[in-house]
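All values reported here derive from a predicted model rather than from experimental measurement.
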Amino acid sequence: MMHSALSRWTMSYFAAALFFFVGAQVLMVVGYGFPSVAAEAPETLVVVHMVTIGWLSLLMCGALFQFVPVLIARPLRGEGLVLPALLCLLAGLGCLLGGFIELSGAFETGVPLLAFAGVLLPAGFVLAAYVLGGTLWGARLPLPARFVTVGLPSMLVTALLGALFALLLSGYLPALAEFDFRAQALPVHIAIGLGGWLSFSAIGVSYRLLPMFMLSPDKERRSSKIVWWAGAIALLPVALATPLASLFGTPDVAPSARVVAVLLGGISLVFYGVDLAFFYRHRKRRAVELNSHAAKGAFLALVLSATLLLALLASGTVEQHAGALLYLVAFGWLSGLGLSQLYKIVPFLTWLECYGPVMGKKPTPRVQDLVAEPRDRIWFVAYFLCVTVGAAALLAEQPGLFRIAAGGTLLATLAIVTELVLARRLKNVPYAQRAPEGALPPRLFLPRTH
């Protein structure tokens, strides 16, 4: 990693992702979207897609553009398409959000915004998949990269289903107007998006980042292979059960397929927990840094999410409490892991960008010197505590308490984002070490032009 090329646009992806994450939380605090309105209301769809596309998908794409070349020791192929992918995703997301707001009756433009979104968003994801897939193609794939090979098709399936939804709402697919997309395709859209694209890719990235930052053994283990196989196979019945049941007229297949998917997913999570315990127990870095400590909160949220899913399935209340489950997955597991690793990735890439050219030639600060861990620890504690309270409030159907908890997560997120900006500006580095001769002070989120 020390000698790998930096992805020019990764910081731009991160900056855009954080903008949407903060924006979504602001809307939640003021009571825009669920639970103040119904889960299927356009206002809720605005918040949901700001989180899933604007925050989590942009974050994951930005991270993969940097780490996929590291995983397979190859340069990124088609790097010139990374910026067009970002522009398509941003433009498509803007159209999607505008279309949902228009559906809520807030304004009328006369422009088919959802139709534009149904074209631009898939185009952006296809470009991203082309770059990442082309880089992976023909390479010897270590375990973390194999997780990405499952995540990328899941991303495309999710984008395709989303495009169909958008075009259907725009009235451009009258042939499918009588098809019950909400009952048949929406569960697949959510499960493949959160489970296949975001969670599977996040697990793969964690298999690289945790050993790298904690100096743990990263040799491929049998338990790791079980995580991949069980998780990958679990996605198949999720994706195929509904279309096969419709094709062959066997509706009883779908519930059985979901049971198989839950069992396999549970096996995958158990062995993932075994691997996580191994990484922490066998680390060579005795003092665990804050990013690795904070990641424990995300892993705990993943366990709580799985436990809550089983409880809801046993009680038959999945549909009633789906909002609480999805909130815990999106904000506890995925967002928690994203924030915790950004806290290390941003200073790490900043250090490489700024001090890499003078490494070994001039005295330089440590990566840890770019952040102030004792000051920032409280914000991660506050974030995960407020997410837990927010999920409990949704379960108890207490929208007022949820808004208070959302205010807590917003405050913690803003504090963490501020620390990332300070790291990019080198404000925590002692002045005498900040700018040795030959060092290149980084720009905040845009690449250098030379």
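- Taking the six-membered ring where the residue is Trp, the centroids of Tyr327 and Phe402 are separated by under 6.0 Å.
- Counting only distance, with no hydrogens or angles, the side chain of Ser340 and the backbone of Leu337 share a donor-acceptor pair below 3.5 Å.
- Taking the side chain as every heavy atom from C-beta outward, Leu308 and Leu304 never approach each other to under 4.5 Å.
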Solution key, residues 79-103 side-chain donor-acceptor pairs under 3.5 Å, sequence neighbours excluded:
{"from": "Glu102", "atom 1": "OE2", "to": "Thr109", "atom 2": "N", "distance (Å)": "2.8"}
{"from": "Glu102", "atom 1": "OE2", "to": "Thr109", "atom 2": "OG1", "distance (Å)": "3.1"}

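- No side-chain heavy atom of Val70 sits less than 4.5 Å from a side-chain heavy atom of Met212.
- At distances below 3.5 Å, not a single donor-acceptor pair connects side-chain atoms of Thr44 with backbone N or O atoms of Gly33.
- Heavy-atom neighbours of Tyr130 OH from other residues, nucleotides or ligands within 6.0 Å: at or below the threshold of 12.
- The 12-atom threshold is exceeded at CZ of Phe34, counting heavy atoms of other residues, nucleotides or ligands nearer than 6.0 Å.
- Minimum interatomic distance between Ile267 and Ala230 (heavy atoms only, all atoms of both residues): CG2-CB, 4.2 Å.
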Tyr343 vs Phe380, ring-ring contact (aromatic ring centres under 6.0 Å, His included): CA-CA, chis, key distance, verdict: CA-CA 10 Å; Tyr343 187 80; Phe380 283 102; 5.5 Å; yes
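- For Trp228 (side chain) and Ser268 (main-chain N/O), no donor-acceptor pair under 3.5 Å exists by modelled atom type.
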Test log, rule side-chain contact (heavy atoms from CB on, under 4.5 Å), inputs Leu71 and Leu136: CA-CA 9 Å; Leu71 295 178; Leu136 292 167; 6.0 Å; no
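- Side chain of His321 to backbone of Thr317: no donor-acceptor contact under 3.5 angstrom is found.
- Between Met155 and Ala129, the closest heavy-atom pair is CE-CB, 3.5 Å.
- Contact detail for Leu410 and Gln25: the closest heavy-atom pair is N-OE1, 3.2 Å.
- For Phe107, the CZ atom sits in a packed shell: over 12 heavy atoms of surrounding residues, nucleotides or ligands are nearer than 6.0 Å.
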Step-by-step side-chain contact (heavy atoms from CB on, under 4.5 Å) determination, Thr158 to Ile190: CA-CA 8 Å; Thr158 305; Ile190 295 172; over 6 Å; no
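- Of the possible donor and acceptor atoms, none in the side chain of Ser104 sits under 3.5 Å from a partner among the backbone N and O of Pro42.
- Here the side chain of Ser7 pairs no donor or acceptor atom with the backbone of Gln66 at under 3.5 angstrom.
- Tyr355 places a side-chain N or O within 3.5 Å of a backbone atom of Arg434 that can act as its donor or acceptor partner.
- Here the side chains of Glu40 and Leu186 are not in contact, with every heavy-atom distance at 4.5 Å or above.
- In the model, Asn428 has a side-chain atom that pairs as donor or acceptor with a side-chain atom of Arg375 under 3.5 Å.
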Leu414 vs Trp379, side-chain contact (heavy atoms from CB on, under 4.5 Å): CA-CA, chis, key distance, verdict: CA-CA 9 Å; Leu414 287 172; Trp379 298 117; over 6 Å; no
Audit row: Phe147, Val227, side-chain contact (heavy atoms from CB on, under 4.5 Å) steps and yes/no: CA-CA 10 Å; Phe147 279 90; Val227 174; 3.7 Å; yes
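- Although no hydrogens or angles enter the test, the distance criterion places no donor-acceptor pair under 3.5 Å between the side chain of Ser36 and the main chain of Tyr32.
- Considering all non-hydrogen atoms of both residues, Val371 and Asp376 come closest at CB-OD2, 4.5 Å.
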All N/O donor-acceptor pairs, side-chain side in residues 192-201, below 3.5 Å, sequence neighbours left out:
{"from": "Trp197", "atom 1": "NE1", "to": "Ser57", "atom 2": "OG", "distance (Å)": "3.0"}
{"from": "Ser199", "atom 1": "OG", "to": "Leu194", "atom 2": "O", "distance (Å)": "2.7"}
{"from": "Ser199", "atom 1": "OG", "to": "Trp333", "atom 2": "NE1", "distance (Å)": "2.9"}
{"from": "Ser201", "atom 1": "OG", "to": "Trp197", "atom 2": "O", "distance (Å)": "2.6"}

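- Nearest heavy atom pair, residue Leu59 against residue Phe14, reads O-CE2, 3.6 Å.
- The environment of Phe116 atom CZ is sparse: at most 12 non-hydrogen atoms of other residues, nucleotides or ligands sit within 6.0 angstrom.
- Pairing each heavy atom of Ser154 with each of Leu235, the nearest pair is OG-CD1, 4.1 Å.
- Two residues are said to be in side-chain contact when any heavy atoms from C-beta on lie closer than 4.5 Å; Asp275 and Tyr280 fail this criterion.
- A donor and an acceptor atom, one from each side chain of Glu373 and Gln368, are nowhere located under 3.5 Å apart.
- In this structure, Leu127 and Val131 have side chains that are not in contact, with every pair of non-hydrogen atoms separated by 4.5 Å or more.
- Judged by distance alone, the side chain of Tyr383 and the main-chain N or O of Phe331 form a donor-acceptor pair under 3.5 Å.
- With salt bridges taken as basic N to acidic carboxylate O contacts below 4.0 Å, one links Arg424 and Glu353.
- At distances below 3.5 Å, at least one donor-acceptor pair connects side-chain atoms of Thr52 with backbone N or O atoms of Val48.
- Ser206 and Tyr272 share a side-chain donor-acceptor pair at under 3.5 Å.
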